[in-house]
There are 2 protein chains.
Amino acid sequence: MLMPRTILLKLAPTQTEACRGCGVRDAALFGALSERGLERLHEAGDGMGGAGGISSVHLPADRRLYALGAQGAAVFTVREGLVRLERVSAAGRRCIVRLAGPGDLLGAEALLGERYTDDAVACTDLALCRIPVPVLELLRKDEPALQLALMRRWQQALDAALTWRIDLQAGPASQRVLRLFAQLSRQAAPGEPIWLPRREELADLLDMAMETASRAVSALRRDGVIELMPGGRRARLDAGALARALAKSNGTPNH
Amino acid sequence: MLMPRTILLKLAPTQTEACRGCGVRDAALFGALSERGLERLHEAGDGMGGAGGISSVHLPADRRLYALGAQGAAVFTVREGLVRLERVSAAGRRCIVRLAGPGDLLGAEALLGERYTDDAVACTDLALCRIPVPVLELLRKDEPALQLALMRRWQQALDAALTWRIDLQAGPASQRVLRLFAQLSRQAAPGEPIWLPRREELADLLDMAMETASRAVSALRRDGVIELMPGGRRARLDAGALARALAKSNGTPNH
DNA sequence: CGAGCCGTTGAGGGGATTCAAGCTCAGTGG
DNA sequence: CCACTGAGCTTGAATCCCCTCAACGGCTCG
């Protein structure tokens, strides 16, 4: 039970500037805020005695951002990297219930005063914004746009969770792996190598045995769909071959 | 593609009374409303030219409440009965992604101006409240409690979806059936018979073949866990035997 | 009564899990 | 420098669960 050694950077008054120029701002929660709201956001943080400001968090891969059951004091926006949310099933199996990438919001349940409902673990090195609940709470009341953005995010998360379940938990193992890679490549820069999960992680993501995941990846490698890169954590996809493989496996409506 | 022949009952000015005395009000969305808010709720409906009031909807089993992709004009609160939300997976398989019972909110995505993300179909005869989006929208702005209740409901739906996925989609078929029944009995009146899904529905709920569902039910019947009641849609559970069966299947951490 | 729907049960085959054994590779220390 | 080690990955073989195809029984309804 290591405490994650998070690195907190409190960014001075110029945080407003940082936010304004943030690469993911349009995609992220505060994209909804007016200029005035953005300023108030940081005033609010300053006005709370310095304890409550927005801060930048960096976290190395495989470290935990927060733990299931912990009383949440903040929500997070992902700026860079990939986070996995995991829980343990009634049968004692670990399951990854969601992947969050740049622009996504984590730990929204903290806004309701609830405990975190999952473990949040870094898949890759992370850059996040940490937003204390009171700060967001303060603004929520009189920034209707933020209110709407919050609801929209919740709905997105719900929809993503359902789609995930439908597409990545059903069908033969090879197909599930294929679809996961397709999704990973979609949210990565085109042409760039994708994050290749460790086999154990693949198993937890797709609800299969580790060996099955390994076999599936090996098969895709043999078929030229994927090319492993040194280090074992990244891979290059052949978009054409992937599309072909997906079409073929969809042809057999299997399962 | 039948249009659901819904039965709309516009309840006169006394709707305020009806709401105040509603059996599920505490559990439902408007449990958060103040007395004053409750009154405004119905004034709002009246003030919109009669087209926009809250109404009571009754729907027989197997009828569709709304369709995936339809532009939603209302959200619904379940008063009595069970609703299933279903979609079709990329592989063309129908999946039930959620069950909603008394007190639950349906079609919240309509509040964001989005189309419904699933088909909503009655599992049993239903009694619902239909709440037009503009009515709710009007109140949302200056009833902070309602705002909060909405967010809480979204979070609940998200959590339920994830728990569902974890507990009801993983593990051996017999265990999944067992867990579903346990959950159904939990949200039914104790001692009362539970709703027994048709085998096809069980299959869609638990992501298995219809025959597998049938075999699992038969096995449970042989073991005395469940007793089918005439009509085929209801069954009585032996809580003790169920708990024992669950414990036993959990003993083998299988899968 | 035959048609049709729903549920049950059997037989066969395939895909996934499980158990188990190597394999690669980085880090470590002799 | 190189065996040693351990973690992660791969692969094989046996088994089992579940899907598929198929036949049959009960029930309702035209």
Side-chain angles (χ1 to χ4, degrees), chain A residues 61-62 89 91-95 123 168-181 195-223 225-235 248-255, chain B residues 61-62 89 91-95 123 168-181 195-223 226-235 248-249 251-255:
Chain A
D62 288 322
S89 77
R93 184 188 172 82
R94 184 177 34 159
C95 293
C123 290
L168 296 183
Q169 302 278 339
S174 59
Q175 207 172 108
R176 302 212 293 274
V177 174
L178 222 41
R179 280 208 267 262
L180 174 66
F181 287 164
W195 167 66
L196 181 65
R198 180 185 299 147
R199 301 301 171 272
E200 185 93 37
E201 293 173 305
L202 264 181
D204 292 343
L205 276 161
L206 302 177
D207 188 43
M208 59 180 69
M210 193 255 280
E211 295 91 330
T212 306
S214 173
R215 279 181 244 268
V217 172
S218 296
L220 289 181
R221 206 182 34 191
R222 273 190 286 276
D223 294 350
V225 174
I226 196 173
E227 183 192 352
L228 273 58
M229 304 193 61
R233 297 293 179 82
R234 328 189 72 203
K248 193 175 58 177
S249 71
N250 277 349
T252 12
N254 232 339
H255 189 61
Chain B
D62 289 323
S89 78
R93 185 187 171 83
R94 185 177 33 160
C95 295
C123 290
L168 263 32
Q169 301 281 336
S174 59
Q175 208 173 108
R176 302 211 296 273
V177 173
L178 222 39
R179 280 208 267 262
L180 174 65
F181 287 164
W195 168 67
L196 181 66
R198 177 185 301 149
R199 302 301 170 269
E200 183 94 37
E201 293 172 306
L202 264 181
D204 292 343
L205 276 162
L206 302 176
D207 191 42
M208 59 180 68
M210 192 255 282
E211 295 90 332
T212 306
S214 173
R215 279 182 244 267
V217 173
S218 296
L220 290 181
R221 204 184 33 191
R222 275 189 285 276
D223 294 349
I226 196 173
E227 180 193 354
L228 273 57
M229 304 193 61
R233 297 293 179 80
R234 328 189 74 202
K248 193 176 59 175
S249 72
T252 11
N254 228 341
H255 188 63

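Throughout, protein chains are lettered first and strands after them, A, B, ... in sequence-line order, and every chain is numbered starting at 1.
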NZ/NE/NH1/NH2 to OD/OE distance under 4.0 Å, A:K248 and A:D223: no
Distance check needed: D:dC18 P versus B:L206 CG, whole Å only. 12 Å
Can you tell me the distance, in whole Å, between the CG atom of B:D207 and the P atom of D:dC17? 18 Å
Hey, are the side chains of A:Q169 and B:Q169 touching, using non-hydrogen atoms and a 4.5 Å cut-off? no
In whole Å, what is the span from the CD1 atom of A:I226 to the P atom of D:dC9? 13 Å
Run the salt-bridge test on B:R176 and B:D207 with the 4.0 Å N-O cut-off and return the result as yes or no. no
Atom pairs, protein N/O to nucleotides 3-7 of chain C N/O, distance under 3.5 Å:
| residue | atom | partner | partner atom | Å |
| --- | --- | --- | --- | --- |
| C:dG7 | OP2 | B:R199 | N | 3.2 |

I want to check something: taking the side chain as every heavy atom from C-beta on, are A:V225 and A:F181 in contact at a cut-off of under 4.5 Å? no
Indicate yes or no: at least one non-hydrogen side-chain atom of A:V177 is less than 4.5 angstrom from one of A:L220. yes
Could you check whether any side-chain heavy atom of B:D204 comes within less than 4.5 Å of a side-chain heavy atom of B:R94, counting everything from C-beta outward? yes
In whole angstroms, how far is the C1' atom of C:dT18 from the CZ atom of A:R93? 13 Å
Distance in angstrom units between B:L202 CG and D:dC19 P, rounded: 13 Å
Think B:T212 has a side-chain N or O under 4.0 angstrom from the OP1 or OP2 of D:dC19? yes
Taking only nitrogen or oxygen atoms into account, show me every contact under 3.5 Å that the protein makes with nucleotides 21-30 of chain D, one pair per line with its distance.
| residue | atom | partner | partner atom | Å |
| --- | --- | --- | --- | --- |
| D:dC21 | N4 | B:E211 | OE2 | 3.3 |

Is there a donor-acceptor pair closer than 3.5 Å between any side-chain N or O of B:Q175 and the backbone N or O of A:A91? no
Does some side-chain heavy atom of A:R198 sit less than 4.5 Å from a side-chain heavy atom of A:R233? yes
